[in-house]
Amino acid sequence: MKLPLNQCRWFSSSSSPSTSLPWISPLHYIKPVTPKLNPPPETSTVQRRPKFITHEAALTMIKAERDPQRALQIFNMVSEQRGFNHNHATYSVILHKLAQSKKFKAVDALLRQMMSFETCKFHEGVFLNLMTHFAKSSHHERTLEMFFLIQPIVREKPSLKAVSTCLNLLLESGRLDLARKLLVESKRGFDLKPNSCIFNILVKHHMRNGDVDSAFEVVKEMRKCEGSYPNLITYSTLMGGLCEGGRLKDALQLFEEMVSKDQILPDVLTYNVLINGFCRAGKVDRARRIMDFMRKNGCQPNVFNYSTLMNGFRKEGRLDEAKEIFAEMRNSGLESDVVGYTTFINCLCRTSKVDEAMSVLREMKEKGCRADAVTISVILGALCRENRFEEALEMVDRLPYEGVRLNKACYRIVLNFLCKEEEMKKALYLLGLMLGRGFRPHFATSNQLLISLCNADRVEDAITALNGLIEMGFLPEDQSWLQLVESDKHSIRFIPFCKLYVHKVYFLGPALLAIPIVEACSLLVNISEHNSFHLLHELNQAAGYLHAKESICVTLNTLGDLIC
DNA sequence: TTAGGGTTAG
């Protein structure tokens, strides 16, 4: 039952009849508040008692806070409450938030706190999470360090899951040195024996490096090691590696060995490795037969299998068959996912059936399957290949408002085409759009755009574009910069950009000669003594041509002053 | 957040 507001415990109405006395909570009689420490506000009769924030409430607040600094403030604030101690959950959520924002110093401070002061029970999950964050930020030593922190903070030895997670992250980053250290220490320090998962990570590593022999050596070791044995994942990984190296026959032989020798039954993933292997080798008919085989053996193909095969036909230019596969997938009662649709859309786009592709895109939307940046990239590329730039621009403009997340590739595909076709007006429009949304064009495209604008006598537009690009951290390459300055030789419009080039004094020459000497000198203040002499040389070289001897004399004097 | 699969562009 809801209490009327004026009777509510934590609420005191200003229209209360006893305005001279503050409202006192019954709790105050049990636990009086010292007036000196917490004086009631003189102007109000309200005395609010701060609500105790529970762990659950703290978790919600920290999770909801987008700013990591403020999240940490919340974390610290709640810990000041009498009787409150942070637990695994609250530490876990704040560490995740801080690591996600790369606030690693704050992470370190909290880890020290966990190690030195906290008595609650922590679980190793928080360290697995931190490992991932450090790996993402290329702090690989710290990934390994998180593994070694498990024992002192969790007060238990790390699990095999911790070894696997760490090993996988280190090997994916190419840090074999650290991976070795991890394996050695796991055995020596914690007496951990590798399981199938750990061996499989090693098999994958060797196969990715194309070292098939080492991968099979690992499998041999695996059979010798108690508690570990090759499983379906081992075989799939091996078959994938063999297929990638073009050894399809060996992959099939291994498949048979897996079934007969180890009596392991393949699943949809295993079959997909083979289907993809044959498709990549251009043997799409055999890939199709593998799919028939799997059906006959009681393994129904899934969307991955159909997409793989469809793409196989697409790559061979057999687009009607690719479409048949898509239809077959639907007839089997499967709903396509975004990759399946994208593969199909790509088939249509590659046969200049962009309108049909657009209608499939609409169908996706109707079915609640959201197109992603890859889907849109495919369609944008197709539209641009047909010079349908306005439609492409309209899509790029509209889709983010419809919840489709475009990436830099979507913008770059269109911008590259526009620059190539010298559609400068549209290119400028797109540049504005992408810069406004925080996407930077490709370095080469940016340079090309600026040069094309100058060539088209659109110097003002080039300056606008340059301003926008520079704000995003772009600096034109030397050749483009020279061309920009040259295109505006008798004007001073590029001078404001000269300060970006003080480290490349050669490029200041033409621009400086085109501006009043006072401005030139003010720029020179930023130039080192060594570079000043180079500049003087450049100016002397250019002087005859530009009749700027007088300017040079003044420059010399100025430089003389600067050098002294 | 312990190991294996499919889509674009460059």
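Since the structure is predicted, the reported quantities are computational estimates derived from the model, not experimental observations. Reminder, nothing fancy here: chain letters follow the sequence lines and each chain counts from 1.
Atom CD1 of A:Ile275 is separated from atom C1' of B:dG4 by 14 Å (rounded to the nearest Å). Rounded to an integer number of Å, the gap from A:Lys161 NZ to B:dT2 P is 5 Å. One can place CG of A:Leu202 at 15 Å from C1' of B:dG4, the figure rounded to the nearest angstrom. Atom-to-atom, CD of A:Glu172 to C1' of B:dT2 comes out at 12 Å; the value is rounded to the nearest Å. In this entry the distance linking NE2 of A:His206 with P of B:dG4 reads 15 Å, nearest Å. Between A:Ile201 atom CD1 and B:dT2 atom P the separation is 10 Å, expressed in whole Å. Note: CG (A:Asp267) to C1' (B:dA3) measures 13 Å, nearest angstrom. Rounding to whole angstrom units, CD1 of residue A:Ile264 and C1' of B:dA3 are separated by 14 Å.
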Carefully, step by step, assess A:Glu244 and A:Met207 under the rule side chain to side chain contact (heavy atoms under 4.5 Å, CB included). CA-CA 9 Å; A:Glu244 200 149 336; A:Met207 278 304 195; over 6 Å; no
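The residue A:Thr234 sits apart from the nucleic acid: no heavy atom pair falls under 4.0 Å. If you check every strand for non-hydrogen atoms under 4.0 Å, A:Ile233 touches a base.
Shown here is A:Gln253, whose CD atom has no more than 12 heavy atoms of other residues, nucleotides or ligands within 6.0 Å.
Taking atom P on both B:dT1 and B:dG5, the two are 14 Å apart, rounded to the nearest angstrom.
The pair A:Asp337-A:Arg370 does not count as a salt bridge, with every side-chain nitrogen at least 4.0 angstrom from each carboxylate oxygen. A salt bridge links A:Asp292 with A:Arg295: the distance from a Lys NZ or Arg NE/NH1/NH2 to an Asp or Glu carboxylate oxygen falls below 4.0 Å. A salt bridge does not link A:Lys426 with A:Glu421: every distance from a Lys NZ or Arg NE/NH1/NH2 to an Asp or Glu carboxylate oxygen is 4.0 Å or more.
When each of A:Phe417, A:Tyr429, A:Phe439 is checked for a ring pair (Phe, Tyr, Trp, His ring centres under 6.0 Å) with A:Tyr411, only A:Phe439 meets the rule.
Applying the ring-ring contact (aromatic ring centres under 6.0 Å, His included) rule to A:Phe443 yields the partners A:Phe474; only residues at least two apart in sequence or on another chain are considered.
Under 4.0 angstrom from either OP1 or OP2 of B:dA3 there lies no side-chain N or O belonging to A:Lys204.
A:Asn195 contributes no side-chain N or O that forms a donor-acceptor pair with the base of B:dA3 under 3.5 Å.
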Taking protein heavy atoms under 4.0 Å as touching, what does nucleotides 5-10 of chain B look like 5' to 3' if B marks base contact, S marks sugar-phosphate-only contact and - marks none? BBBBS-
